[in-house]
Enquirer: 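Please read through the structure below; I'll follow up with questions.
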Amino acid sequence: MTVPRNPAIPPDEVAISLFQAEHQPLLRAILDHSTEGLAVVDAKGRQLYINDVARRILGLGLTDSNPESWSARYGVFYPDTRTPCPSERLPMYRALQGEESPEEDLFVRNASHPEGRHFRAKARPVRDDQGVLLGATLSLRDTHDQRQAEAGQRQTEQRFQLLVESAQEGLWTVDADNRTTYVNRYLVEMLGYTVEEMMDKTLFDFINEEDHVITREYMEERLEGRSAVLKDFRLVRKDGTSIWTLISNTPLHDESGRYIGAMAMVTDITLRREAEEQVRQLNTELERRIAERTAQLEFSNRELEAFAYSVAHDLRAPLRGISTFTLVLLEDYADTLDATGMDYVQRIRASAHRMGELIDCILSLSRVNRIALVETDVNLSELAHSVSDQLQHGQLQRTVHFRIQDGLVDRGDAQLLRLVLENLMGNAWKFTRDRSVAEIEFGARPGEGTGRVYFVRDNGAGFNMDYQQKLFGVFQRLHTQQEFEGHGVGLATVQRVIHRHKGRIWGEGQVGQGATFSFTLHELADAPPASL
């Protein structure tokens, strides 16, 4: 709309006539309801009009209509330095100089906006038909919330960037053509490149050639929207060396679901692989040594068993000769031998008899390792009852109370397990002979895991725990022959049987208070003993 120029009206007052025309109410209504802040000044910068939006943006009161008053009271900062109003740094000043200013970001801080407020402003000069400057218009747009949101977004992005760059794993993104779009600091240091050297290069520039085929397979899965974890995957460093990595990758899609690339987390597992390889080599070497030692041990055992068997059989002939000739001496020359001579002959016969028993024990001990192990379900309770009946039948005059737990069934060789109970219960029978009422118990208690601990307990002579390491040694005895007869082979035989059943055995006792021998089946032999 053009305002006719009246020569009687000074040029700097022509703009005032805008609001004196017949369309003033309509124009004011339009300007008042604008969503942007609007202001009009004359050629001298005096305010002619300012709407409520502009007042709110600038923090002006309703009475602050005089530009001299509000410009003096309210400080404007552009962008950070205090700038008085009017000022040649503000858009309105340049508009009043006849220059149309670009839209600029400004910042105001005053009593209404103590924390300050951001806005954008654009000023335009107003001229009449002859080009005479009448004033200027100023449009304002509140950008404070937007700027705050953008600042928060920048802070979030900065924190995220800091987190990604400080991560101790490599982060790698590629586009749909498998070209690198982002790598973090950790990844470039891992591969020995710079960020610039890796950008826009394809994955195949960094993957070991032997893994290209499997990489293409993973790419097909990625295009189908499936994530994947690549274990023991080789990447190539800038110097040509390979490193082992663990890669977890996931596909990326745009809002329409179209595949646009992928993101991967890369972990360097080279040191772990090297350690695993060392462990594997050590295990291989250890297995080889164990196999060699086992073979040597088996050979030695066979040699020892053969030697024991041979010696035992070779000793029987001279023992029979000794026994025969001493018997002849007793029968044919008894009247020529005095009491001392007869005693010597009796001692010779007793020693020969004991040596024969020891030979039998050696043969029995060697047979334990030679015979094949035939495992079945064995009722240990029934075996214990059978052994107790056998013991009682041999000495009916003794008072012995047997307590045998019923229903104890386990896997094992019935013949060898009977040998175990015969030795353990036989020892209990022997070492309780001085008790007026002997107590012998066979039972089981829960062990570690799902196993059982079997035990034979008595109230007999017991033993000193300081010498328990001798319990299972061959020909090792804790009592003299005069106290209790024996050969020192029974417990050694029991231990071999238990070890063949992958179990363990141990004894606990107290002098004069009895003893308890416990054993397990189908358990590691080197496990610690269970407590009573």
Side-chain angles (χ1 to χ4, degrees), residues 210 231-234 242-244 246 269-314 359 361-378 380 410-421 423-424 447-454 468-476 488-507 517-530:
E210 296 179 8
K231 299 180 180 179
D232 298 331
F233 196 77
R234 285 172 295 182
S242 293
I243 62 171
W244 291 95
L246 173 68
I269 61 171
T270 303
L271 294 178
R272 191 194 76 187
R273 283 275 306 195
E274 292 175 352
E276 290 174 350
E277 179 62 21
Q278 291 178 357
V279 171
R280 188 190 65 78
Q281 292 178 358
L282 289 173
N283 286 337
T284 301
E285 178 65 18
L286 181 60
E287 290 173 0
R288 185 188 63 80
R289 291 184 180 182
I290 290 175
E292 290 179 353
R293 296 287 177 86
T294 302
Q296 292 173 0
L297 185 60
E298 289 176 350
F299 177 78
S300 298
N301 284 337
R302 288 194 299 269
E303 289 290 310
L304 286 173
E305 289 173 5
F307 174 76
Y309 191 79
S310 175
V311 168
H313 281 76
D314 290 344
I359 291 172
C361 289
I362 292 174
L363 291 175
S364 175
L365 188 62
S366 65
R367 280 196 299 270
V368 169
N369 288 336
R370 285 204 316 272
I371 63 175
L373 196 69
V374 180
E375 288 196 345
T376 59
D377 289 335
V378 180
L380 297 176
D410 213 325
R411 295 286 296 177
D413 186 293
Q415 180 182 354
L416 292 178
L417 290 178
R418 181 181 182 89
L419 187 61
V420 168
L421 292 180
N423 276 282
L424 294 180
E448 297 178 359
T450 58
R452 294 174 181 163
V453 175
Y454 300 99
Q468 62 175 326
Q469 70 274 9
K470 294 184 177 182
L471 286 174
F472 304 101
V474 180
F475 303 133
Q476 295 288 326
V489 177
L491 288 179
T493 302
V494 169
Q495 186 182 57
R496 291 196 180 190
V497 172
I498 296 301
H499 284 178
R500 290 201 65 186
H501 285 77
K502 298 180 180 178
R504 54 196 175 92
I505 183 169
W506 63 97
F517 284 86
S518 305
F519 65 91
T520 63
L521 302 175
H522 311 294
E523 183 187 49
L524 293 178
D526 57 354

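For clarity, every value in this text was computed on a predicted model and none was experimentally measured.
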Enquirer: Measuring from atom CZ of F517 to atom CH2 of W506, what distance do you get when rounded to the nearest 0.5 angstrom?
Expert: 12.0 Å

Enquirer: Let me know which of V497, V374, V494 forms a side chain to side chain contact (heavy atoms under 4.5 Å, CB included) with L416.
Expert: V497

Enquirer: Where do E375 and R411 come nearest, in terms of heavy atoms and distance?
Expert: O-NH2, 3.3 Å

Enquirer: Taking side-chain hydrogen bond (donor to acceptor under 3.5 Å, both in side chains) as the definition, give me every residue that meets it alongside E285, ordered by chain and number, with sequence neighbours left out.
Expert: R288, R289

Enquirer: Can you tell if the side chain of H501 reaches within under 4.5 Å of the side chain of D410, non-hydrogen atoms only?
Expert: no

Enquirer: Could you list the residues that satisfy side chain to side chain contact (heavy atoms under 4.5 Å, CB included) with T270, not counting sequence neighbours?
Expert: I243, W244, D268, E274

Enquirer: What residues form a side chain to side chain contact (heavy atoms under 4.5 Å, CB included) with L286, not counting sequence neighbours?
Expert: I290

Enquirer: Per the side chain to side chain contact (heavy atoms under 4.5 Å, CB included) rule, which among L521, I505, I498 passes with V420?
Expert: I498

Enquirer: Got a donor-acceptor contact below 3.5 angstrom from the H522 side chain to the G503 backbone?
Expert: no

Enquirer: For residues S518 and V453, report the shortest heavy-atom separation together with the two atoms involved.
Expert: CB-CG1, 3.8 Å

Enquirer: Please identify each residue that fulfils salt bridge (charged side-chain N to carboxylate O under 4.0 Å, His left out) with R418, with sequence neighbours left out.
Expert: E422

Enquirer: Going from CG on L380 to CZ on R452, what distance comes out if it is rounded to the nearest 0.5 angstrom?
Expert: 8.0 Å

Enquirer: List the residues meeting salt bridge (charged side-chain N to carboxylate O under 4.0 Å, His left out) with E276, not counting sequence neighbours, and say none if there are none.
Expert: R272

Enquirer: My understanding is that only residues two or more places apart in sequence, or in another chain, count here; which of them pass side-chain hydrogen bond (donor to acceptor under 3.5 Å, both in side chains) with D413?
Expert: none

Enquirer: According to side-chain hydrogen bond (donor to acceptor under 3.5 Å, both in side chains), who are the partners of N283, at least two apart in sequence or on a separate chain?
Expert: none

Enquirer: Look at the side chain of T520 and the backbone N and O of R504, then say whether any donor-acceptor pair between them is shorter than 3.5 Å.
Expert: yes

Enquirer: Who are the side-chain hydrogen bond (donor to acceptor under 3.5 Å, both in side chains) partners of E277, not counting sequence neighbours?
Expert: R280, Q281

Enquirer: If you measure from CZ on R273 to CZ on R234, what distance do you get to the nearest 0.5 Å?
Expert: 8.5 Å

